[in-house]
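Structure record follows, encoded as structure tokens.
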Amino acid sequence: MEGLSDSMPKKTNLAKPVKPIELSNSRYINVKTDFSFKYIFGSESRKKLLIDFLNAVFKGRKVIRDLTFNNPNHKGMRKENRKTVFDVYCTDNKGGKFIVEIQQASQRFFKDRILYYSANLIREQGKSVSPDWNYRLPEVYVVALMDFSFDHTHRDQYLHDVRLMDVVTHTVFYDKLRYIFVELPKFKKSVDELKTNEDGWLYSLRNMEILDEIPVPLRKKKVFRELYQLAEVINLSPEDMNLYQQSLKIKRDNYSALESAELRGEQRGQKQGIEIGQKQGIEIGAELERAKAEQEKREMARELKKEGLSVDLIARTTKLSVVEIQELV
């Protein structure tokens with residue numbers, strides 16, 4: 001993508017995880033919250049943005065011409081089955097099904113949940129009451145944007161294209177089920193390195209809330225001009241502003257819990273000798289685990305709330321207070 005001749009935005013150190021920015025300091029919204037993600041990608045009127053983003057991450061191996069948004073709420077087969085709520089669920093012009101999700105924090109069994117979502121979607125296509133149904137299924141795609149990194153993956157691999165493969169021949173066994181996982185923290189290209197649509201999208205999604213203006217290499221593309229205009233905080237309605245602030249509060253709370261535990265660990269480690277330090281290292285590790293567990297509880301509560309469970313049941317399950325659960329978006 002060609003740039004323009006005007007001046008480049010200020011360079012920012014993007015190698016480290018970025019602390020959530022206060023609303024008053026940001027020109028653009030943080031797209032890595034539930035509200036913001038659905039605000040940008042979750043409506044029929046803005047489907048051109050979603051189409052462009054999906055075509056960018058599929059890199060020509062799947063080309064989407066049009067999308068229709070579907071109801072993201074899905075009930076289980078029986079009363080005892082959990083209801084599933086997708087962030088964004090749509091169908092393309094050839095009948096392919098797409099689930100697009102944002103995940104803000106590492107969560108236990110995250111991969112399992114993504115597989116469960118796709119399994120629910122596949123099951124819904126069945127027509128067992130029809131005697132002439134031949135089991136032909138539509139294509140099913142799950143795209144998961146992650147504001148964290150997987151454990152045990154290469155430090156430079158930020159995009160994972162996962163399909164059913166034959167481990168002996170390394171060929172695709174089934175080509176109609178596909179998972180795209182994007183680890184945003186690993187995308188570290190600078191403005192000068194943005195060459196493709198994928199580069200432009202991932203740079204924007206990772207960094208938008210810390211930018212003062214649209215990056216120069218993106219200004220010639222209409223889709224990015226529309227994205228940045230839509231994402232300006234000043235353009236939010238009062239209702240949307242309130243929802244956005246709530247989503248930022250959750251993100252800040254999660255960040256603060258982990259940061260506080262790490263800071264206490266650093267302070268104690270500086271004051272103690274080797275023997276005491278070893279003992280306290282165990283305590284510090286426990287504190288970090290507790291902070292992580294608290295973050296996971298909030299994430300679990302948010303997911304259960306999305307799936308329609310009562311506040312009282314969520315409180316009993318997660319041990320969070322009713323007030324804490326009510327504040328979750």
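We count residues from 1, following the sequence as given. Scope of the values below: all heavy atoms of this structure, side chains included, with no hydrogens, waters or symmetry mates.
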| How are the rings of Y179 and F181 set to each other: parallel, tilted or perpendicular (split at 30° and 60°)? | parallel

Look at the aromatic rings of F224 and W201 and report parallel, tilted or perpendicular, splitting at 30° and 60°.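 Correct class here is tilted.
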
Going by the rule side chain to side chain donor-acceptor pair (under 3.5 Å), which residues pair with [X] if we only count those two or more places apart in sequence or in a different chain?
X: R113; value: Q103, Q107, Y117
X: T68; value: none
X: Y39; value: none

Could you tell me whether the side chain of [X] and the main chain of [Y] form a donor-acceptor pair under 3.5 Å?
X: R206; Y: L184; answer: yes
X: Q246; Y: L243; answer: no
X: K186; Y: H154; answer: yes

Kindly give the cluster partners of [X], where membership spreads through any ILVMFWY side chain lying under 4.5 Å from a current member.
X: F109; result: none
X: V172; result: M165
X: V323; result: none

Exercise. At their closest point, which heavy atom of K32 faces which heavy atom of N30, and how far apart are they?
Worked result: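 Taking K32 first and N30 second, the nearest heavy atoms are N-OD1, 2.8 Å.
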
Search all heavy atoms of V57 against all heavy atoms of E198 and return the closest pair with its distance.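 Closest approach of V57 to E198: CA-OE2, 4.2 Å.
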
Just jot down the salt bridge (charged side-chain N to carboxylate O under 4.0 Å, His left out) partners of [X], sequence neighbours excluded, or say none.
X: K47; result: E44, D66
X: E239; result: none
X: K62; result: D92, E139

Taking distance alone, no hydrogens or angles, what donor-acceptor pairs closer than 3.5 Å link side-chain atoms of residues 226-233 to residues at least two apart or in another chain?
unit_1: Y228; atom_1: OH; unit_2: S204; atom_2: OG; d: 2.7
unit_1: E232; atom_1: OE1; unit_2: R27; atom_2: NE; d: 3.2

_Step-by-step side chain to side chain donor-acceptor pair (under 3.5 Å) determination, N197 to D52_ = CA-CA 8 Å; N197 254 26; D52 198 88; 2.9 Å; yes

*Are V63 and L177 connected in the hydrophobic side-chain network, where two residues link if heavy atoms are under 4.5 Å apart?*
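Each belongs to a different hydrophobic cluster.
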
When you group the ILVMFWY residues by side-chain heavy-atom contacts below 4.5 Å and let the links chain together, are Y135 and L164 in the same group?
yes

| message | Around atom CZ of R163, are there more than 12 heavy atoms from other residues, nucleotides or ligands closer than 6.0 Å? | response |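 Enclosed: over 12 neighbouring heavy atoms sit under 6.0 Å from CZ of R163.
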
Checklist entry - Hey, is CZ on F173 packed in by over 12 heavy atoms from elsewhere, all under 6.0 Å? => result no

Identify whether NZ of Lys or CZ of Arg in K111 sits under 6.0 Å from the centre of the six-membered ring of F150 and within 45° of that ring's axis.
yes

Exercise for review: Just grab all the salt bridge (charged side-chain N to carboxylate O under 4.0 Å, His left out) pairs involving residues 147-157, residues at least two apart or on different chains.
Suggested key: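 Only D147-K251 qualify under salt bridge (charged side-chain N to carboxylate O under 4.0 Å, His left out).
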
Q: Determine, for R61 against D161, whether the closest basic-nitrogen to carboxylate-oxygen distance falls under 4.0 angstrom.
A: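 Looking at D161 together with R61, the answer is yes, because their closest N to O distance falls below 4.0 Å.
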
Under a 4.0 Å threshold between the charged nitrogen and the carboxylate oxygen, would R219 count as salt-bridged to E213? yes

Checklist entry - Pairs in or reaching into residues 312-321: which pass side-chain hydrogen bond (donor to acceptor under 3.5 Å, both in side chains), with residues at least two apart or in two chains? => result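 Those involving residues 312-321 are S321-E324.
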
